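What follows is a short report on a single structure.
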Amino acid sequence: MAEKEFDTGGFDFSEVEKRLGVTRRTFLTFCAGVAGSLGLSTNSAMAMAKAIAQPKKRPPVIWLHGQECTGPSESLLRSEQPSLEHLILDMISLDYHQTLDAGAGHKVEEIKKKSMEENKGKYLLVVEGAIPVADGGIYCKIAGETMVDLTKEAAEHAAAIVAFGSCAAWGGVQSAAPNPTGAKGTQAVLPGKPVVNIPGCPPNPANFLGTVLYFVTFGKLPPLDEQNRPKWAYGRLIHENCYRRPHFDAGRFATEFGDEGHKKGYCLYKLGCKGPETYNNCPSLEFNNVGGGVWPIGVGHPCFGCSEQGVGFNKPLFSLADVKTHTPPNAFPEIDDRSDASGASTGAVALASAAAGAVAGATLVTARKLNSSDDGSNSDDQNG
Amino acid sequence: MSTHQQTGGRIFTLPFMLLGIVAVIGLYYIVERFVLGMGAVANINGGFPWGIWVVYDVVIGTALACGGYALAFTVYVFNKGKYHPLVRPALLASLLGYALGGFGAIFDMGRWWQFYNILIPGNWNFNSVMLEVGLCVALYIIVLIIEFSPAFLEKIGAKGLLKVLDKVLFFFIALGVLLPTMHQSSLGSLLIAMGYKVDPLWQTMQFQPLLAVVSALIMGYSIVIFEASLSNVRFGGKSETPLLSVLGKVAMGLMIVFVAARIIILVSQGKIGLIFAGDFSSIMFVLEMALFILPALILMSPTSRQNGGLLLIAAVSMLFAGALYRFNAFLFTFDPGPGYAYFPSVSEIMVTLGIIAIEIMAYLVVVKTMPVLHRSEQA
Amino acid sequence: MKRRDFLKNSLRAGAGVLAGAVVAPDDAEARPNLEPKEGAVGMLYDSTLCVGCKACVAMCKEVNGMPPVTISEIDAWDEARDLSGDTLNVIKIYKDGAGKTKDAEVNGFAFEKRSCMHCVDPGCVSVCPVTALTQHPITGIVSYNADACIGCRNCMVGCPYNVPQFQYDKTFGQINKCQMCNQKGVERIDNGMMTGCAEACPTGATLFGTRDALLAEAKRRMELKPGETYNYPRGDVSKPDSYHEKTVPAYKQHIWGEKEAGGTNVMHISSISFDKLGMPPLEERSAASVAEGVQHSLYNYLALPAVALAGLSFVVKRNADKAKDQKGERS
Amino acid sequence: MTRLLVGPFNRVEGDLEVNLQIDEGRVTEAWANSPLYRGFENILQGRPALDALVIAPRICGICSVSQSLAAATALRHAAGITMPENGMLSANIAHGAENIADHLTHFYLFFMPDFARDIYADQPWFASIVDRFKATVGTGAAQWLEQRRRLLHVLGIVAGKWPHSLAFQPGGSTKSIDKGEKIRLLSTVQDLRRFLETNVFADNLDAVTELTNADALFAWADNHPTGDFAQFLTVSRACDLDTLGQVALPLMSQGAYHNLEGSLFSRGVFDPATGKRNSVNIDAFSEDLTSTWMQGATAHPANATAHVDADKDEAYSWCKAPRLNAQPVEVGALARQVVDGQALICDLVRAGKTHVQARIVARLIETARLVSAMEGWVKALKPGMPFCEEKPMVKTGTGSGLIEAARGSLGHWLAIKNGQLSHYQIIAPTTWNFSPRCAAGVAGPLEQALVGTPVRAKEHDPIAVQHVVRSFDPCMVCTVH
């Protein structure tokens, strides 16, 4: 079947089938799916598949944890098909990850330094968690070094930097006022360095995998928006893709959890849903790979904008969102749109002109006759 | 013995048949309007709830039917007995005009099956100009029937009734002068409440009733000239041009009053500059004024006043002018807000043309079967 | 009588009868605008708070039992473009240029609500011949009684906002307009509730309350400086069901309905000038008050017509008798 | 006498360092340090009360449901709301799933891989442990991660996403579970039961939970040697894990998995020294800041205030020192099972001390018990009935949310003024277990447990210390918030 859908060009996937423990069909479908959501062609899907299948292209990855809760890693751990540990082992070479590492203590710190030295300019740096800068960065230390120093050190020779999760992207929950530790996002402590932001609390693992896949396949980062987020994942407001949008458009809202509107699955805007001001692809990707509408709005809870700087953790949960776009704009009648205002039809104009003309014409004819009759002679038709 | 006679002659002539076709088409659409609703036939909408059915059939139609009013004024108030020969045909035209205007009001009435509500005093809103128009028109139709009834009574020879009528007729004649004065002026007052929607060139606020009644009188005199001229051509008889030319002179006076009043009002309301704006409204205003001034110029000269043809042209010009004054105020330059537009649909126009056809057909039938036209001295 | 005399007479008489009966400019000014009712209820629509969700439109349809207005064949979706016999409330959009920024006049867009303004001096009530439209003596709500209505549609032309709408598409149509959800069978205001649209509005863009309280709230907002935060109430201004904080926009210093044509009980504020939002060019004097002034000075107690009728009867009788005498002499 | 700094610890949640004083190959004194601080309690103050529901769970990405439920419970307590039964069941199902995921992840990914280190290469059991548990390549861990993903579908269905689920409210759950979802939940839980009965225990769960003492346990393990649990027991016996990480402190449980009648696991304090079980006096909680980089008086969490003082000389951790009746207590699965009177676990600590072995066994026994309970909760769901009570939040009030997270007792204390949080304090499980010294100089449970731990010569990261630290399944991000 796979052969029919994908031109594999005779590429041998048997190795990857074995390593990932998936069938070729599943594997290729996954690649096509990722390519599709990235807006790429099936040829690109094949390129991705081949890139994954060729271990020599695996980039080394250094994974730093700052002020965080391991949520992003946790969310990666539950991603499926191929699962993270498979991807870690196959797609990238995870040389340093605190939570998942086999070794312990200073040994792993040495491995990290060694890997960074060996792979200068080639490794991918993933930052998870915010970076506190207040009071010299003392609020987050690893092996006696502050996170801010560690990040700068690791970033120096990184081929690319990915800020994974809202904390790493813009500071996340701990950066909320009063921001006691001066928590900042990765980009904020690495001015001038290109940082790809994959915000979310937790971020959707597919957004990370897709970005990394793109990087592995094409050796460069995917197109980014102004906030350095991959466009393919953060290009649209949740509101634009939300399955409850028709209820918003029809003005049907839930006002309390458990009320009639809530039971009927109405729009959660009145409960403070931040979907109208949050850019993310949650409505299409959903969460936990369960399917069937499993994501916060799907289970009746308003989006609170976890991935959006200035929204999540900053705006009160039940405050109203700013509606960023009003799509489709042509759904609103313009001020001078009058549904039943009628223009002139050609027939009607002709008819009206004919009627007026008939009166004028009859007048002239009659006037001539009158003049002749006034001249003395009687009218020519007396009996009609 | 009556001084009037029926002309006799064949009723189903070719023009009559042609008019009949127009009438049938009009009636077809009127039936459609009653079955499917107004929207199915008329182009009226949220911003233009009043289309040609109101503006032509009622507002202009009744003004065109002011011949009876104008002559009643002339004959009975100013005691000009010599115009008596013109009274009865004018009354017939007025009766037909008002009756069909009333019919027009019914089929233009959105909730016609409740029309009787306007007759129940408990419902009356004395602030409403429309109430006065409605009641006066209804009453005036009855007055016109009474005023015209001698023609019918003569026809059937009900001499007793004629005698009784003769005793009380003066009262109805007086009513026949008062009522049109009231409701024709009120048709103008209707515009006041429309406020800004009426173009500033036509929105004269408290002067609306005066302009309306003056223009109605102008149209009344004009229609008498028009009908008499046409009847004369159609049915022959002694030329009535000398009589008519005096009426034309009166109309000319009224026109001077009207045009002067318009200009003075515009100046006093500081809107005179709008005439030169060059937009649609100003063009329509100039056209309308031209239609008023042209006949005034014709009628100023005694020679052309005596010319039946020119007199008719002047009269028709005046009719167009009066009609355009109303069309302009109520429809052409009426602006209820951005996005609204109105032009009558074919079916809507056909209804109006049908009504006009019925009016002419009825006129022809009545003058041929009843003593309406003045007995010609030669006949 | 000579023609000259006739002309003179007719002009004189015309001036006499007509001027007496038809023109009374000084008296016409007599009736001033009606004043706001003491207990008047209304709404305040803040265009800058509106997010275009159309909750009010949907709720309005539901409360008033109105069918959807559709453009396509399918009846599933209400697509009302404007007020109509089946739509009492509609949210419209103002767009300029790129239409990117909300509440910006240039290259921006803004929402605007169209529904009955519940005029303090309502034109529709003034012109209705059969009292089908009435203004409540306490609440100031303008309501409609289809049983009295004859369908003349004078209310439609008499309304500065083109609010009353006739159901042209029905065999037996009627006028429909917003009656503040207080018409027979709905009676939300009488039952201590607020209007459907105000209740449904998620942002408080449509706020319910007494005219006084709403006007005070509107004036408060006029005082705010753009950029500061304000806690906007939602629902009923005197007992809001909730508040939400929002940055204050650059309001136009104009409360539509405070004074226009005598004022309205439903008022609008916005950051776009109101002529761009389709509001009519109204002066402070209501057209209704002028029309009624003219009408009353002419027809008060029918005195003038009665006198005129008496005079005319006398003249006509005299002239008619004279004519008969002449005729008698002649024959 | 030497000093040794061990850390950073990987394969724990968050950052941890332990300072050891070593004499003659044994630890004589230990200091636990959490080098991370985020200031959640400060961030929460002054926010609308219900914002606690989104901010508090962000403390931890592994036990986010626990944090979420503690916040919701505290708010519920403040507002005086009663959840509908469906709401309670939803919370229990989600909480149970998360706790099981935590327990088994700890077992497969955090604790057992240490035994696959080369240091044990000469042990007879080494080969099979490497096969099953070696970090990143062990087959057991791979199977568990696969199973874990399926288990987390439960959290997807009940709570929308995980971690950081949003569904739990003071009034219940925002998610109304329908019949189809109920069946999916049941099949997922039964799927988990199969995993446990095949891979973990290699026996019927009831057979495991019915074991009443250590002898019976080891006898059972000999009969079912293929299960991963039996493998652990083999290692445990070989390495004498019942002598490692010993501590004799009161064991506390705040009671877990509430329903209309009571709770699945009871609330109380068990003193191993006396073998007595008492009720918990929550008013006797206090937080001591002597060794913390903070200033503030020792006070009950409902009143405590603290502000950061990073230059404090005597301090060595961001972790506060919570005390019950001025005494440190040990919390966790072990404490829960002992307080609940689970026969086997009680027997394991009959000597009056807790130890590494008992902690691990308690987790797995609790897991087995939870799976049965979850099946019951899923079956008890009533689709179509309410899942959430509609009740507005109060403007003023105080509340406490005391629950049991996987790692032990979790408490949120809050006060609301004018609709805003005026006070928020959190005591997390590992705060109890990894507490630093208090004013009286009493060390925390981990610090006490590490005393006596053997340290081999030239060991930089002493393996036994790793075993002891990991036996508590520390969650440092919760600890310091």
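Residue numbers begin at 1 in each chain, while the letters A, B, ... track the order of the sequences. The model shown is predicted, which means the values in this text are computed figures rather than measured ones. Side chains are part of it too, since the values below use all heavy atoms of this structure and drop only hydrogens, waters and symmetry mates.
Atom CZ of B/Phe115 sits in a sparse spot, with 12 or fewer heavy atoms from other residues, nucleotides or ligands closer than 6.0 Å. Annotation: B/Lys271, atom NZ; neighbour count of heavy atoms from other residues, nucleotides and ligands within 6.0 Å is above 12.
Ranked by heavy-atom pairs under 4.5 Å with chain C, the list B/Gly195, B/Pro336, B/Gly188, B/Ala105 is led by B/Pro336. Put simply, of B/Trp124, B/Tyr76, B/Tyr196, B/Phe48, the one with the most heavy-atom pairs under 4.5 Å next to chain C is B/Tyr196. Among the candidates B/Asn117, B/Val41, B/Val75, B/Val54, the residue making the largest number of heavy-atom pairs closer than 4.5 Å to chain C is B/Asn117. Note on B/Tyr116, B/Trp50, B/Phe34: by heavy-atom pairs under 4.5 Å with chain C, the leading option is B/Trp50.
C/His296 and B/Phe126 make their closest contact through CE1-O, 3.9 Å (heavy atoms, listed as atom of the first residue, atom of the second, distance). In terms of heavy-atom proximity, C/Val294 sits nearest to B/Ser189 at CG1-OG, 4.3 Å. B/Glu132 and C/Gln295 make their closest contact through OE1-NE2, 2.9 Å (heavy atoms, listed as atom of the first residue, atom of the second, distance). When every heavy atom of C/Val130 is checked against every heavy atom of B/Ile118, the shortest pair comes out as CG1-CA, 3.7 Å. Closest heavy-atom contact between C/Ala287 and B/Ile192: CB-O, 3.5 Å. The two residues B/Ser128 and C/Cys128 have their closest heavy-atom pair at CB-O, 3.4 Å.
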Exercise for review: Check the pair B/Leu36 / C/Thr171 against side-chain contact (heavy atoms from CB on, under 4.5 Å), numbers first and verdict last.
Suggested key: CA-CA 5 Å; B/Leu36 298 177; C/Thr171 308; 5.5 Å; no
Practice item. Report the C-alpha separation of C/Gln174 and B/Gln114 in whole Å, then their side-chain angles, then the decisive distance to 0.1 Å, and conclude whether the side-chain contact (heavy atoms from CB on, under 4.5 Å) test is met. Key: CA-CA 11 Å; C/Gln174 67 168 67; B/Gln114 295 192 155; over 6 Å; no
Exercise for review: Let me see the working for C/Val157 and B/Phe334 under side-chain contact (heavy atoms from CB on, under 4.5 Å), right down to the final yes or no.
Suggested key: CA-CA 10 Å; C/Val157 287; B/Phe334 187 79; 4.1 Å; yes
**Study point:** Residues B/Met182, C/Tyr299; criterion side-chain contact (heavy atoms from CB on, under 4.5 Å); working and verdict
**Key:** CA-CA 9 Å; B/Met182 284 169 71; C/Tyr299 298 109; 3.3 Å; yes
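C/Asn154 has its side chain within reach of B/Leu190: a pair of non-hydrogen atoms, C-beta onward, lies under 4.5 Å apart. B/Phe171 has its side chain within reach of C/Leu309: a pair of non-hydrogen atoms, C-beta onward, lies under 4.5 Å apart. The side-chain heavy atoms of B/Met130 and C/Val127, taken from C-beta on, include no pair separated by under 4.5 Å.
B/Asp166 touches chain C through backbone and side chain together, each having a heavy atom under 4.5 Å away.
Ring orientation note: the planes of B/Trp113 and C/Phe172 are nearly perpendicular, at an angle over 60° on the 30°/60° scale.
The closest donor-acceptor contact from the side chain of C/Tyr168 to the backbone of B/Asn45 lies under 3.5 Å.
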